[in-house]
Amino acid sequence: MLDIRRLRTETDEVKAALARRGIDTVEVDRAIELDVQVRQLSGDRDDLRNQVKSLSKQVGTLRRDGKAAEAEEVQAESRRVGALEQELADRAAAVAEELHQVLLRIPNTPSPEAPDGAGDQDNPVIRIGGRDLGDFGDHQRIPHWELGTRYGILDNERAVKISGAMFTMQRKGGATLARALLSYALDRNAELYEEVRPPSLVTSETLTATGQLPKFADDAYHLERDDLWAIPTAEVPLTSIHRDEILDPAELPMRFMAATACYRREAGSAGRDTRGMLRTHEFDKVEIFAYATPEQAPMLLDEMVASVEATIASLGLAHRVIEICTGDMGQSHHRSFDVEVYAPGVDQWLEVSSVSWFSDYQARRGNIRYRPGGGGTAPVHTLNGSALAVPRVWAAIVETYHRPDGGIDVPEVLLPYFRGSNRIA
RNA sequence: GGAGCGGUGGCAGAGUGGACGAAUGCACCGGUCUUGAAAACCGGCGACCUGAAAGGGUCCGAGGGUUCGAAUCCCUCCCGCUCCGCCA
């Protein structure tokens with residue numbers, strides 16, 4: 001959520017920043033218009049409340065002095081003003097709620113440093129690492145769903161029987177690989193990040209703080225009976241850990257990590273990149289997250305990108321880092337980088353991590369503040385990223401580590417998680 | 001799921017209709033004293049909205065109601081604790 005005061009005082013700057021996303025800025029005008037009304041109405045309401053309060057005090061005094069008749073008169077007047085006050089209060093509340101709803105739907109302003117662009121085709125590649133794309137042999141040019149079936153480590157046919165389309169099931173070494181990736185990503189980040197095992201079902205309030213609600217309700221699974229939502233990412237519960245709290249600046253930055261299942265309805269993406277493990281309704285992911293001061297945030301963003309990149313590199317996969325341009329950014333993002341791995345069997349770059357800086361956008365929604373020096377409170381900055389999203393890394397490993405003579409090797413860094421074996425299959 | 005008791009400032013905790021945004025203690029900040037610290041003493045110390053300021057307003061779990069006036073009374077919901085039931 002953007003600061004309404006910023007909309008009020010820097011209207012043109014905010015509009016220009018939002019225009020870089022390629023979106024219409026009429027909502028900004030709407031918000032400003034409603035804000036004027038809210039302030040007018042609540043000012044008038046406050047005046048009336050003040051009158052009611054002082055009249056009521058007079059009643060008390062008159063009663064005490066035994067002047068019942070006079071008290072009656074003042075009571076009648078107070079009743080009359082009270083009715084007017086109630087009417088204004090209702091109107092003010094209604095307009096304030098409308099303003100709130102408008103604000104919830106206005107996206108974050110991109111960082112001045114974020115590159116301009118209309119869509120994902122404009123995302124600049126920042127770095128490329130790992131092996132050369134020409135280095136892969138024919139034995140590695142087989143899609144992971146074929147290898148998975150051949151070696152009995154992926155059983156999507158039965159996953160679909162159990163749960164329907166776009167669910168997957170790993171077996172044997174494939175299941176071990178999925179679990180090993182989670183443990184590995186957690187272990188690598190354990191020095192800086194506190195490990196958390198958050199709830200997977202969350203309230204609407206929690207899902208609103210990060211920005212999924214109200215705009216993207218269709219993308220999430222909702223359990224109506226209990227009004228709970230299945231988390232699409234651990235970012236959701238992690239961001240709300242300190243919701244409605246005021247943090248001690250001495251404790252910032254605070255870093256958390258969590259391995260959780262993630263649930264996404266993938267509404268509107270049916271049939272697109274859905275084979276094998278490329279896009280699924282449920283997948284495991286290790287998320288890293290931080291609360292920071294505005295000053296700390298850029299440094300943490302660099303730190304997170306570097307850390308994610310190093311994790312992927314250590315798995316021996318071809319990979320690259322791209323920066324997300326203004327036209328391709330998520331609603332809450334201020335600045336964002338993706339890490340992609342190259343999967344030789346499907347011959348595609350696969351997004352396996354997205355690291356983002358949200359400035360104070362989520363903190364305003366979640367009312368997460370700290371005390372900066374010099375008094376008062378200010379919203380913190382939030383950042384997060386996938387340290388490792390399992391399915392696509394799984395796919396890239398299975399394809400990359402397929403041997404010319406058959407079988408699939410375990411990447412060296414994962415050997416400690418394979419119970420003494422050096423083969424996935 | 002049932003019964004009982006609760007939910008007040010960073011924490012603890014008083015307040016059961018009229019000057020209560022709220023005693024007191026702890027914590028915290030500033031000062032005096034001290035070489036320094038501690039102790040003692042003095043002072044300060046919630047958040048939010050609005051306003052140039054003075055000021056005004058909101059917030060005692062949430063929402064609604066009663067009343068001239070609600071932290072205080074009533075209703076609904078949420079959360080916690082204790083006991084019972086169920087249960088990995």
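Fair warning: this is a prediction, and the values are worked out from it, not measured in the lab. First the proteins, then the strands, lettered A, B, ... as listed; each starts at 1.
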Anything under 30° is parallel, anything over 60° is perpendicular, the rest tilted; go ahead and classify [X] against [Y].
X: A/H381; Y: A/W357; value: tilted
X: A/F167; Y: A/H281; value: tilted
X: A/H242; Y: A/F256; value: tilted

[N] phosphate, OP1 or OP2: any side-chain N/O from [X] under 4.0 angstrom?
X: A/R64; N: B/A19; answer: no
X: A/R369; N: B/C48; answer: yes
X: A/N50; N: B/G57; answer: yes

For A/R49 and A/A378, find the nucleotide of RNA chain B closest to each by heavy atoms; which residue's nucleotide sits nearer the 5' end?
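On the 5' side of the pair lies A/A378.
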Side-chain contact, heavy-atom cut-off 4.5 Å: [X] with [Y]?
X: A/E98; Y: A/Q37; answer: no
X: A/P237; Y: A/I231; answer: yes
X: A/W145; Y: A/N156; answer: no

Checking base pairs now: Watson-Crick or wobble, both atom distances under 3.5 Å. What partners [N]?
N: B/U76; result: B/A62
N: B/U82; result: B/A3
N: B/C41; result: B/G31
N: B/A52; result: none

Starting at atom [atom1] of [X], determine the distance to atom [atom2] of [N], rounded to an integer number of angstrom.
X: A/R45; N: B/C59; atom1: CZ; atom2: C1'; value: 12 Å
X: A/D248; N: B/C29; atom1: CG; atom2: C1'; value: 14 Å
X: A/I4; N: B/U50; atom1: CD1; atom2: C1'; value: 14 Å
X: A/L228; N: B/C78; atom1: CG; atom2: C1'; value: 13 Å
X: A/L103; N: B/C49; atom1: CG; atom2: P; value: 13 Å
X: A/D244; N: B/G10; atom1: CG; atom2: P; value: 12 Å
X: A/L41; N: B/C49; atom1: CG; atom2: P; value: 18 Å
X: A/R225; N: B/G1; atom1: CZ; atom2: C1'; value: 13 Å

Identify whether any heavy atom of [X] sits under 4.0 Å from a base atom; if not, whether one sits that close to sugar-phosphate; answer base, sugar-phosphate or nothing.
X: A/R5; answer: sugar-phosphate
X: A/R8; answer: sugar-phosphate
X: A/T61; answer: base

Using the [atom1] atom as the reference point in each nucleotide, state the distance between [N] and [M] in Å, no decimals.
N: B/C11; M: B/C75; atom1: C1'; result: 32 Å
N: B/G25; M: B/G15; atom1: C1'; result: 16 Å
N: B/A27; M: B/C79; atom1: C1'; result: 26 Å
N: B/C41; M: B/C26; atom1: P; result: 10 Å
N: B/C59; M: B/C20; atom1: C1'; result: 13 Å
N: B/G2; M: B/G85; atom1: P; result: 16 Å
N: B/U8; M: B/G63; atom1: P; result: 16 Å
N: B/U72; M: B/C33; atom1: P; result: 48 Å

Can you pull every protein N or O that's under 3.5 Å from an N or O on nucleotides 61-68 of chain B?
unit_1 : atom_1 : unit_2 : atom_2 : d
B/C68  : OP1    : A/R79  : NH1    : 2.3
B/C68  : OP2    : A/R79  : NH1    : 3.3
B/C68  : O2'    : A/S56  : OG     : 3.1
B/C68  : O2'    : A/S78  : OG     : 2.3
B/C68  : N4     : A/R63  : NH1    : 3.4

So which nucleotide from B/C48, B/G57, B/G18 ends up closest to the side chain of A/K53?
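Nearest nucleotide to the side chain: B/G57.
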What I want to find out is whether A/E85 reaches A/R79 closely enough, with some N-O distance under 4.0 Å, to be called a salt bridge.
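No, no charged N to carboxylate O under 4.0 Å.
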Could you tell me whether a side-chain N or O of A/S240 sits under 3.5 Å from a main-chain N or O of A/R243, the two making a donor and an acceptor?
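Flag not set: sc A/S240 to bb A/R243 has no pair under 3.5 Å.
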Side chains of A/T109 and A/R6: any donor to acceptor distance under 3.5 Å?
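Yes, because at least one side-chain N or O of A/R6 sits under 3.5 Å from a partner of the opposite role on A/T109.
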